[in-house]
Amino acid sequence: MTDEQHLWSGRFDAAPDADVFRFQASLGFDRRLLEDDVEGSLAWAAALAQAGVLTAADAESIRQGLTAIREAGRADPAYVQGADEDVHAFVERKLIERVGDVGRRLHTGRSRNEQVSLDLRLYLRRRLPAVQQAVVRLVDALTGRAAAAGSALMPAYTHLRRAQPVLAAHFFLAHAAALRRDHARIETVRDEADALPLGSGAATGTSYPVDVEALARRLGFSRVAANSLDVSSDRDFVAAMLHAAALVMVHLSRLAEDLIIFTGDEFGFFELADSVATGSSLMPQKKNPDPLELVRGKTGRVVGRASGWLTTMKGLPSGYNKDLQEDKEAVFEVEDTVVASLQAMTAVTASLEIRRLADEAAAGGLMLATDVADYLVHRGLPFRRAHEVVGGIVRDLVSAGRDFASLTPADWRRYHELFEADVVRRITARGAVEARTTPQSTNPAAVQAALDEARSWAEAHR
Ligand code: ARG
């Protein structure tokens with residue numbers, strides 16, 4: 001081997017052990033950062049020229065060499081490969097191959113420690129918008145289902161026990177609300193990554209008079225990182241990304257769980273499209289929700305990456321440590337998983353058939369107990385008393401296997417003198433949702449307003 005087979009070979013007498021070298025090399029995955037590495041190096045070369053460290057002519061040949069490397073990478077996905085330790089070493093080797101000795105001046109005053117932080121920040125800035133777009137498309141599918149649901153009713157559950165009637169539209173918009181928080185959270189990840197690490201050197205800064213403010217502006221960062229020693233080991237922006245992604249997956253997993261349950265025979269509120277279901281190799285009648293189960297299953301891997309990354313960070317001494325190289329596989333795997341899961345969820349949601357429940361009683365029954373209590377409260381009874389009265393009615397109805405709809409005005413009257421003839425008309429599933437008054441409630445007008453608002457949000461973020 002030559003003395004510069006690796007970026008640091010000069011100091012060593014022996015060639016690296018092949019297995020160990022392969023173990024610690026990252027080119028196999030950080031090749032995804034080619035674009036970003038080149039972008040950072042183009043800016044660094046310009047900054048060195050401005051500082052008088054590179055001649056204009058040298059800076060120009062480096063610029064041409066780097067641009068050609070970027071083009072080659074774009075033209076051929078297999079371009080980035082070799083025995084190089086990482087993408088930074090790859091780019092430097094290719095640069096020297098193209099422009100000769102001048103290429104050896106590019107790394108002046110710079111460390112891979114700040115370079116890799118820069119690359120990953122640029123990468124996230126470049127890729128997170130696509131994750132956000134995938135979130136918006138799912139919100140769009142959910143608002144589409146909310147619109148399709150119209151006035152359809154279903155039970156709302158607490159403890160997975162029937163609680164109160166709710167508009168099916170309200171159910172879809174509930175999941176959309178969670179995803180909109182995810183969208184905003186991903187925005188904060190972009191803010192977190194929005195600081196220029198260059199100028200930090202390996203740990204203590206650089207000795208060349210580089211204008212870091214100008215460099216930040218050129219690379220589109222709103223600020224320069226405050227402390228060079230912090231920079232070399234700061235991967236808070238990675239933790240933020242993994243956390244935001246883990247919450248996306250938690251939300252997808254809950255939606256998946258709801259849809260698995262609600263499309264099952266025992267519930268039957270919705271029907272999965274054949275195109276997104278799978279069959280059984282043995283049981284001819286089966287229609288399985290495999291994509292939903294997989295989304296729920298993959299949530300474990302993303303949550304694991306988030307907690308795994310915090311574990312990797314927690315014991316690190318100040319300054320760069322190679323442990324930090326683990327950040328990239330976490331980010332890439334999580335990005336791929338989240339985007340694929342969002343796409344699958346969108347396909348399943350958009351094609352979901354909403355089954356109108358046979359009659360309003362299916363969303364009514366004993367779920368109307370709160371509304372019966374409210375009826376008494378409106379007529380002056382303290383709520384705690386009303387709760388007790390209605391509890392007594394429910395006890396009788398449960399043992400008789402009946403519900404409120406079976407009670408005649410005279411039956412009602414026997415339970416309390418405040419019950420009048422109108423109780424029969426008021427205590428219905430439809431009456432229950434119409435009785436809600438707050439803007440976040442399932443009142444039909446409130447749900448329509450929420451749907452309109454969610455649609456304009458999706459429109460504005462498309
Ligand atoms: N491949 C390394 C990483 O991903 C790049 C930084 C290497 N720095 C170093 N001092 N070995 O973190």
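This structure is a prediction, so every number in the text was calculated from the model and none was measured. Each ligand, and each atom within it, is numbered from 1 in the order the structure gives.
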**Request:** Could you list the atoms of ligand 1 found under 4.0 angstrom from a heavy atom of D86?
**Result:** 1 (N), 5 (C)

**Request:** Report yes or no: do R127 and Q132 form a side-chain donor-acceptor pair below 3.5 Å?
**Result:** no

**Request:** Give yes or no for whether the N/O distance cutoff of 3.5 Å, strictly under, is met between D327 and ligand 1.
**Result:** no

**Complete:** re atom 1 (N) of ligand 1, the protein heavy-atom contact at minimum distance is Q325 OE1, 2.7 Å

**Prompt:** With only distance considered, is R235 within less than 3.5 Å of ligand 1 through an N or O on each side?
**Reply:** no

**Prompt:** Do we see a donor-acceptor contact under 3.5 Å between the side chains of Y320 and Q325?
**Reply:** no

**Message:** Centre-to-centre under 6.0 Å for W44 and H107, is that the case here?
**Reply:** no

**Asked** Just heavy atoms, cut-off under 4.0 Å: does K328 contact ligand 1 by side chain, backbone, both, or neither?
**Response** side chain

**Request:** State whether a side-chain donor-acceptor pair under 3.5 Å links D30 with H88.
**Result:** no

**Prompt:** Is R125 positioned over the aromatic face of F221, cation under 6.0 angstrom from the ring centre and no more than 45 degrees off axis?
**Reply:** yes

**Request:** Using distance alone, decide if ligand 1 has a nitrogen or oxygen within less than 3.5 Å of any nitrogen or oxygen in N113.
**Result:** yes

**Request:** Tell me which protein heavy atom sits closest to atom 6 (C) of ligand 1, plus the residue, atom name and distance to 0.1 Å.
**Result:** Y320 OH, 3.5 Å

**Asked** Taking distance alone, with no angle check, do K322 and ligand 1 share an N/O pair under 3.5 Å?
**Response** no

**Asked** When S117 is tested against each of Q115, E114, R121 for side chain to side chain donor-acceptor pair (under 3.5 Å), which residue passes?
**Response** R121

